[in-house]
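Here the structure comes first, spelled out in structure tokens, and everything after it is commentary.
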Amino acid sequence: MILKYTKPNGTLVEVELSDKPLTIGRSPKADILLEDEKASRLHCGIRLMDEEYLIKDLTSKNGTFLNNQRIESAQLNIGDKIRVGNTVITVEAKSGKGATTAFHEMEQQMSGGKGYDTILKEIVDEAKPAPKKTS
């Protein structure tokens, strides 16, 4: 999984989750340093447990929100939105394109004259494993 958010200066940040726990907050000691006055110094943490990523609020003043619900701890899933202060962090798949990017590219191809069936066939063909060579 990848966490994506935009800094106040407009820079897009991507952080790949691993088996190492990480912290999110305003402190320089946080693994993900947010430039957000509403974030606590160590606001929340994410860790891998039983092959699932869990997010836990670290008794922050303003709370940690997952999909607009205040949480103490919760499992993270692709497509989730974490809010820490005014910063929104999106949880995306580790590889490949995000759904928004893929949809936008498909719209561009269709406006260029390519049909839906052709685009779908190309996607399916890309996903097929290469045929095995026989001797």
Side-chain angles (χ1 to χ4, degrees):
M1 285 186 190
I2 294 176
L3 302 180
K4 286 186 179 182
Y5 68 97
T6 304
K7 288 183 174 185
N9 68 5
T11 304
L12 178 66
V13 178
E14 293 184 13
V15 177
E16 185 172 340
L17 295 178
S18 68
D19 58 352
K20 179 185 172 216
L22 64 84
T23 55
I24 300 171
R26 251 184 5 206
S27 169
K29 293 181 180 180
D31 298 304
I32 298 177
L33 174 61
L34 299 181
E35 301 166 31
D36 188 323
E37 63 188 29
K38 299 222 177 206
S40 295
R41 286 186 292 271
L42 291 177
H43 197 99
C44 61
I46 297 175
R47 68 180 304 165
L48 184 64
M49 185 176 275
D50 296 327
E51 299 185 30
E52 300 290 342
Y53 286 103
L54 301 176
I55 183 168
K56 180 177 170 100
D57 183 77
L58 301 175
T59 62
S60 65
K61 181 178 179 184
N62 294 315
T64 300
F65 292 79
L66 184 64
N67 302 320
N68 294 319
Q69 298 282 325
R70 189 172 183 153
I71 55 106
E72 287 185 29
S73 69
Q75 180 180 323
L76 287 179
N77 296 296
I78 306 286
D80 282 346
K81 299 215 182 292
I82 303 164
R83 185 167 51 83
V84 173
N86 292 318
T87 305
V88 176
I89 302 168
T90 304
V91 180
E92 294 190 7
K94 189 175 190 177
S95 60
K97 299 173 183 142
T100 303
T101 302
F103 184 74
H104 180 68
E105 286 179 3
M106 190 171 86
E107 281 183 323
Q108 286 180 324
Q109 290 177 351
M110 289 177 81
S111 68
K114 196 177 273 188
Y116 177 79
D117 289 338
T118 303
I119 294 169
L120 185 58
K121 183 180 180 317
E122 289 173 355
I123 292 168
V124 170
D125 287 345
E126 272 182 30
K128 286 181 185 175
K132 292 182 182 179
K133 293 183 180 180
T134 56
S135 331

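Residues: numbered from 1 along the sequence shown.
- By the side chain to side chain donor-acceptor pair (under 3.5 Å) test, Ser60 is found to be paired with His43, Asp57, residues two or more places apart in sequence or in another chain being considered.
- In the hydrophobic cluster analysis, where Ile, Leu, Val, Met, Phe, Trp and Tyr join through side-chain heavy atoms closer than 4.5 angstrom, Leu76 is grouped together with Ile24.
- Every residue meeting the side-chain contact (heavy atoms from CB on, under 4.5 Å) condition with Lys20, not counting sequence neighbours, appears here in chain and number order: Ser18, Asp31.
- Atom CD of Glu72 has 12 or fewer heavy atoms from other residues, nucleotides or ligands within 6.0 Å.
- Closest approach of Lys29 to Thr23, counting heavy atoms only: O-OG1, 4.2 Å.
- Tyr5 pairs with exactly one of Ile82, Ile32, Thr90, Leu12 by the side chain to side chain contact (heavy atoms under 4.5 Å, CB included) rule, that one being Ile32.
- Linking ILVMFWY side-chain heavy atoms closer than 4.5 Å, directly or via other members, places Tyr53 and Phe65 in two distinct hydrophobic clusters.
- Taking all atoms of both residues into account, the shortest heavy-atom contact from Cys44 to Thr64 is CB-OG1, 3.6 Å.
- Note that CZ of Arg70 and CZ of Arg83 are 9.5 Å apart. Values are rounded to the nearest 0.5 Å.
- Residues satisfying the side chain to side chain donor-acceptor pair (under 3.5 Å) criterion with Asn86, sequence neighbours excluded, are absent altogether.
- Note that NZ of Lys56 and CZ of Arg47 are 9.5 Å apart. Values are rounded to the nearest 0.5 Å.
- Looking at Leu34 and Arg26, their side chains never come closer than 4.5 Å, going by heavy atoms from C-beta outward.
- In this structure, Leu66 and Gln75 approach most closely via the heavy-atom pair CD2-O, 3.8 Å.
- Proximity of a side-chain donor or acceptor of Asn9 to a complementary backbone N or O of Thr11 within less than 3.5 Å is detected.
- For the residue pair Gly79 and Asn67, the shortest heavy atom distance occurs at O-OD1, 4.3 Å.
- There is a path of hydrophobic side-chain contacts, each under 4.5 Å, that joins Val15 to Val84.
- The main-chain N or O of Lys61 is found under 3.5 Å from a side-chain atom of Ser40 such that the two form a donor-acceptor pair.
- The closest donor-acceptor contact from the side chain of Asn62 to the backbone of Lys38 lies under 3.5 Å.
- When hydrophobic clusters are built by joining Ile, Leu, Val, Met, Phe, Trp and Tyr residues whose side-chain heavy atoms come closer than 4.5 Å, directly or via intermediates, Leu17 is not grouped with Leu33.
- Inter-residue side-chain proximity for Leu54 and Ile46 is flagged as unmet; no heavy-atom pair is nearer than 4.5 Å.
- Interatomic distance, NZ of Lys7 versus CG of Asp36, reported as 13.0 Å (0.5 Å rounding).
- Both Ile55 and Leu48 are part of a single hydrophobic cluster, where members link through side-chain heavy atoms under 4.5 Å apart.
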